[in-house]
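Encoded as structure tokens, the structure appears first; notes follow it.
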Amino acid sequence: MEHRKISRAVISRLPRYHRYLGDLLEEGVERISSNDLSKKMQVTASQIRQDLNNFGGFGQQGYGYNVKYLYTEIGKILGLDKTHNFIIIGAGNLGQALANYASFERSGFILKSLFDVNPRLEGMSIRGVQVRMMDELVDFLGNNDIEIAALTIPKSKAVEVADILVENGIKAIWNFAHTDLTLPKDVVVESVHLSDSLMQLSYNITQKKKLCKTK
Ligand code: NAI
């Protein structure tokens, strides 16, 4: 299938489509109309049609969408038809929480190791995955096919560690440290800031309260 250049806004909605379609598959639903999907996801049917048309559309007039096909195709677009080995740098609270989350594996993200500088964590394992010390990192990267590194370390260390990762072949960084990383163009960075989402929630609460007062 030929894909046009897709906007980031559309790409950002694909994981949600994938999640809903996965739920439908589990419920044994074989096909769904854009109207029914729209009700379920609370987005307009025209938005769904527009989004999916970016990929040549997957629906058929009068039939709707084949759930399994759509789920598989969106999975391919998101690169979920392949496995991705990853490591976590920083085995503190957040690093361990990520390592404990088994669902990543179900989506093909395979955690191969965690790394830290704290000698108290040496030899520890989380769901069978070993925590190694940072001085083993370069060798480990040389001997293992690692695609992604999650950064869950203090922001003061993030730039320095990201540079080491990139020098040693890492092409994708899942950055949780609250700092921007300026890296070569062939390296992709996805930054996650849970506090942004919390602030969005706070904004929505504030707006709701204002509305209630004016009523
Ligand atoms: P933590 O203090 O529990 O864990 C940090 C770990 O990094 C420690 O085990 C420490 O030994 C290790 N570390 C420090 N320097 C290192 C280095 N150079 N190389 C390898 N490991 C190193 O902290 P926590 O709560 O896990 O947070 C980690 C980072 O994630 C912080 O920067 C925090 O601000 C950030 N964070 C980001 C969130 C987000 O939504 N983006 C949410 C929560 C935390």
Side-chain angles (χ1 to χ4, degrees), residues 8-19 78-80 84-208:
R8 276 205 61 94
V10 175
I11 301 289
S12 70
R13 287 194 285 272
L14 291 185
R16 189 159 179 256
Y17 287 119
H18 194 259
R19 187 156 40 84
L78 292 171
L80 302 177
H84 304 276
N85 292 337
F86 80 110
I87 54 171
I88 294 175
I89 311 286
N93 291 310
L94 184 56
Q96 291 191 29
L98 291 177
N100 270 311
Y101 188 56
S103 283
F104 295 140
E105 267 150 46
R106 271 179 250 135
S107 304
F109 298 93
I110 315 295
L111 178 62
K112 292 292 186 180
S113 187
L114 296 95
F115 289 87
D116 206 289
V117 285
N118 183 349
R120 275 190 293 172
L121 298 173
E122 187 165 13
M124 183 178 156
S125 72
I126 299 161
R127 288 196 313 114
V129 182
Q130 198 185 330
V131 179
R132 293 181 168 83
M133 292 294 98
M134 280 299 272
D135 55 12
E136 298 171 65
L137 176 69
V138 172
D139 264 4
F140 187 89
L141 290 176
N143 294 320
N144 292 275
D145 183 22
I146 306 297
E147 194 181 8
I148 304 170
L151 274 190
T152 51
I153 52 177
K155 69 174 181 183
S156 58
K157 303 287 176 202
V159 172
E160 169 194 332
V161 171
D163 286 343
I164 297 172
L165 289 164
V166 171
E167 273 164 28
N168 288 281
I170 289 291
K171 293 285 182 215
I173 295 191
W174 196 21
N175 175 35
F176 288 83
H178 296 296
T179 190
D180 291 332
L181 301 172
T182 313
L183 295 169
K185 279 207 166 61
D186 63 339
V187 179
V188 285
V189 179
E190 183 64 34
S191 294
V192 182
H193 300 294
L194 296 179
S195 48
D196 289 6
S197 170
L198 199 54
M199 283 178 210
Q200 187 68 48
L201 184 68
S202 160
Y203 170 81
N204 291 338
I205 297 169
T206 314
Q207 292 304 105
K208 232 188 172 107

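Counting starts at 1 for both ligands and their atoms, following the listed order. Throughout, residue positions are numbered sequentially from 1 according to the sequence presented.
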Could you pull out every N or O of ligand 1 that sits under 3.5 Å from a protein N or O, with the distance for each pair?
from: ligand 1; atom 1: 3 (O); to: N93; atom 2: N; distance (Å): 2.9
from: ligand 1; atom 1: 3 (O); to: N93; atom 2: ND2; distance (Å): 3.1
from: ligand 1; atom 1: 9 (O); to: D116; atom 2: OD1; distance (Å): 3.4
from: ligand 1; atom 1: 9 (O); to: D116; atom 2: OD2; distance (Å): 2.6
from: ligand 1; atom 1: 11 (O); to: D116; atom 2: OD1; distance (Å): 2.6
from: ligand 1; atom 1: 26 (O); to: N93; atom 2: N; distance (Å): 3.2
from: ligand 1; atom 1: 26 (O); to: L94; atom 2: N; distance (Å): 2.8
from: ligand 1; atom 1: 32 (O); to: I153; atom 2: O; distance (Å): 2.8
from: ligand 1; atom 1: 40 (O); to: L194; atom 2: N; distance (Å): 2.6
from: ligand 1; atom 1: 41 (N); to: F176; atom 2: O; distance (Å): 2.8
from: ligand 1; atom 1: 41 (N); to: V192; atom 2: O; distance (Å): 2.5

### Message
How close do V161 and M134 get, counting heavy atoms only, and between which atoms?
### Response
CG1-CE, 4.0 Å
### Query
Just by modelled atom types, is the A177 backbone N or O under 3.5 Å from a matching donor or acceptor in the H193 side chain?
no
Between side-chain atoms of residues 93-112 and protein atoms elsewhere (two or more places apart, or another chain), which donor-acceptor pairs fall under 3.5 Å?
from: Q96; atom 1: NE2; to: A91; atom 2: O; distance (Å): 2.9
from: N100; atom 1: ND2; to: Q96; atom 2: O; distance (Å): 3.1
from: S103; atom 1: OG; to: R106; atom 2: NH1; distance (Å): 3.2
from: E105; atom 1: OE2; to: R127; atom 2: NH2; distance (Å): 2.9

### Query
Residues in ring pair (Phe, Tyr, Trp, His ring centres under 6.0 Å) with F86, at least two apart?
none
Can you list, pair by pair, the side-chain donor-acceptor contacts under 3.5 Å of residues 197-204, counting residues two or more places apart and other chains?
from: N204; atom 1: ND2; to: Q200; atom 2: O; distance (Å): 3.4

### Message
Counting only heavy atoms not in D180 (residues, nucleotides, ligands), do more than 12 fall under 6.0 Å from its CG?
### Response
no
